[in-house]
Amino acid sequence: MRVFRATPFTYATLIVVSAILSTPLVFAVSIALASDHTVTTNTFTILPHEFEWRNFTKVFGTDLPMGRFLINSLIISVGSVIGQMVSSGLVGYAFARLRAPGKNAMFLVVIATMMIPTQITMIPQFILFKDLGWVNTYLPLIVPNFFSNAFNVFLVRQFVSRLPNQLDEAAMVDGLGFFGIYRRIMLPMLWPVLIAIGIFTLTYSWGDFMGPLIYLNDESQMPLALGVQYITTTAVAGQPPPWNLVMVGSILLTLPMIAVYYLGQRYLYEMDISGGSAGVK
């Protein structure tokens, strides 16, 4: 294979494409830094010409408890991440290593659930959680994550399947059972895929809008994704919503995810190509 060598045309193309893809984010920052007069007159520009940094503190001075919204998002997201990492690791390891009749058929059934649209299960789930008395609590948003999902189980199973069976056999000779093998041998090598699952789950939970909208009625329990939409209700009658504050809330939603992906990108890379070799090393 010939080694690809970047040319000035390559860099120019990358710069142009990056500028195009960055336009929405730059526009959002421009609106977030706009003054109230610019919002009222609707004279926004793509590149910021105003720098109202006080908007980032002003958003916490509205009638809405934005600080509480942030804490709520953190509670829901951390609980969901813990649930997915714990359950996905155990279930994926079981499908990869344990011998049981009908295991492969059961795994196909699990994978087939990925084809079921979320909208189909929305009403039955709501009825179930309502009968359990979980509506207007965090439980419907956190507890289901402790039962994993098909995609994460598939990731862990494929990751474990690429690890040598000799590791399990050597541990069995030393007297370890399946759970002991998982805890002491497999779990240290599964960190790349488990952290990747945590990143995927955090991304979904942090920005989830539909779930909190369905199950949460109390304003003090709402996460930031839902609270940003409520900022539009603070507008005075006959005046446009405070789009600058809405964009500040949107940026507060975006920045943590950018930081998480930046810090966890090497785990995503290891999950994709290492097949567990990073853990063996």
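Computation of the quantities below employed the complete heavy-atom set of this structure, encompassing side-chain atoms and omitting hydrogens, waters and symmetry-equivalent molecules.
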*L163 and R97: CA distance, side-chain angles, deciding distance, side chain to side chain contact (heavy atoms under 4.5 Å, CB included) verdict*: CA-CA 10 Å; L163 297 176; R97 286 292 197 260; 3.7 Å; yes
_Flag side-chain contact, heavy atom, 4.5 Å: Q84 against F200_ = no
*Any side-chain heavy atom of V91 within less than 4.5 Å of one from V156?*
no
*Would you kindly say whether E50 and S35 are connected by a side-chain donor-acceptor distance under 3.5 Å?*
yes
*Answer yes or no: are there more than 12 heavy-atom neighbours, outside L21 itself, under 6.0 Å from its atom CG?*
yes
_According to a hydrophobic-cluster definition based on side-chain heavy atoms being under 4.5 Å apart (Ile, Leu, Val, Met, Phe, Trp, Tyr only), do I15 and V26 belong together?_
no
_So which atom in L141 and which in S80 form the shortest heavy-atom distance, rounded to 0.1 Å?_
O-OG, 3.3 Å
*Looking only at side chains, do T13 and T10 share a donor and an acceptor under 3.5 Å apart?*
no
_Is there a side-chain contact between M257 and I199 in this structure, where contact means two heavy atoms from C-beta onward sitting under 4.5 Å apart?_
no
*Once you round to the nearest 0.5 Å, how far does CG of L224 lie from CG of D208?*
12.5 Å
_Nearest heavy atoms of I195 and M85, plus distance in Å_ = N-CE, 4.3 Å
*asked:* Under the criterion side chain to side chain contact (heavy atoms under 4.5 Å, CB included), I'd like the reasoning laid out for Y215 against K130: C-alpha separation, chi angles, the key distance, then a yes or no.
replied: CA-CA 9 Å; Y215 295 110; K130 182 177 180 295; over 6 Å; no
*What pair of heavy atoms forms the shortest contact from T43 to H49, and how long is it?*
O-CE1, 4.1 Å
_For Q221 and N72, which I'm curious about, is there any donor-acceptor pair between the side chains at under 3.5 Å?_
no
*Atom NZ of K103: over 12 foreign heavy atoms under 6.0 Å*: yes
*To the nearest 0.5 Å, how far apart are OG1 in T41 and CG in D36?*
10.5 Å
*Would you name the heavy atoms of A32 and F56 that are closest together and state the gap between them?*
CB-CZ, 4.5 Å
*asked:* Is it true that, when you exclude F51 itself, more than 12 heavy atoms of the residues, nucleotides or ligands shown sit nearer than 6.0 Å to its CZ?
replied: yes
*N136 CG to N217 CG distance, which is reported to the nearest 0.5 Å*: 4.5 Å
*Hey, is the main chain of N152 close enough, under 3.5 Å, to the side chain of N149 for a donor-acceptor pair?*
yes
*Around Y230, counting heavy atoms of other residues, nucleotides and ligands shown, do more than 12 lie under 6.0 Å from its OH?*
no
*Backbone of G198 reached by a side-chain donor or acceptor of T201 within 3.5 Å*: no
*Treat each ILVMFWY residue as a node, draw an edge where side-chain heavy atoms are under 4.5 Å apart, and state whether L155 and M186 are in one component.*
yes
*For side chain to side chain contact (heavy atoms under 4.5 Å, CB included), just list the numbers for L33 and M247, CA-CA rounded to whole Å, side-chain angles, deciding distance to a tenth of an Å, and then say yes or no.*
CA-CA 9 Å; L33 296 176; M247 285 302 165; over 6 Å; no
_Which atom of P240 lies closest to which atom of W243, heavy atoms considered_ = CB-NE1, 4.5 Å
*asked:* I want to check something: taking the side chain as every heavy atom from C-beta on, are V110 and F154 in contact at a cut-off of under 4.5 Å?
replied: no
*Distance only, no hydrogens: is a donor on one side chain within 3.5 Å (strictly under) of an acceptor on the other, for S88 and S148?*
yes
*Locate the shortest heavy-atom distance separating A150 from M114; write the atom from each residue and the value.*
CB-CG, 3.3 Å
*Determine, stepwise, if the pair R184 / D174 fulfils salt bridge (Lys or Arg N to Asp or Glu O under 4.0 Å).*
CA-CA 12 Å; R184 302 181 64 177; D174 290 337; over 6 Å; no
_I want to check something: taking the side chain as every heavy atom from C-beta on, are P117 and I120 in contact at a cut-off of under 4.5 Å?_
yes
*Test item: V260 and W206 side chains (from C-beta on) under 4.5 Å apart, heavy atoms*: no
*Within 45 degrees of the axis of the six-membered ring of Y93 and under 6.0 Å from its centre: does R157 put its NZ or CZ there?*
no
_Value rounded to 0.5 Å, distance of OG in S30 from CD1 in I46_ = 8.5 Å
*Taking S77 for its side chain and L74 for its backbone only, find out whether a donor-acceptor pair lies under 3.5 Å.*
no
*Look at the rings of F129 and W134 and say which category their plane angle falls in: under 30° parallel, 30 to 60° tilted, over 60° perpendicular.*
parallel
*Rounded to the nearest 0.5 Å, what's the gap from CG on L245 to CG on L64? Could you check?*
10.0 Å
*Determine whether Y261 and L255 fall in the same hydrophobic cluster, where Ile, Leu, Val, Met, Phe, Trp and Tyr are linked whenever their side-chain heavy atoms lie under 4.5 Å apart.*
yes
*State yes or no: do L108 and L98 share one hydrophobic cluster built from I, L, V, M, F, W and Y residues joined by side-chain heavy-atom distances below 4.5 Å, directly or via other members?*
no
*Would you check if E52 and N244 make a side-chain contact, meaning some heavy-atom pair closer than 4.5 Å?*
no
*asked:* To the nearest 0.5 Å, what is the distance between CZ on F69 and CG on L253?
replied: 11.5 Å
*According to a 4.5 Å side-chain heavy-atom criterion applied to Ile, Leu, Val, Met, Phe, Trp and Tyr, with indirect links allowed, do I197 and Y204 form part of one hydrophobic cluster?*
no
_Could you go through V81 and V78, starting from their C-alpha distance and side-chain angles, then the distance that decides it, and tell me whether this counts as side chain to side chain contact (heavy atoms under 4.5 Å, CB included)?_
CA-CA 5 Å; V81 167; V78 171; 5.7 Å; no
*Is T121 close to I116 at the side-chain level, that is, under 4.5 Å between some pair of heavy atoms?*
yes
*How about M210: does its CE atom have over 12 heavy atoms from other parts shown lying under 6.0 Å from it?*
no
*Short question: side chain of S250, backbone of V246 - any donor-acceptor pair under 3.5 Å?*
yes
*Do side-chain atoms of T23 reach the backbone of I20 as a donor and acceptor pair under 3.5 angstrom?*
yes
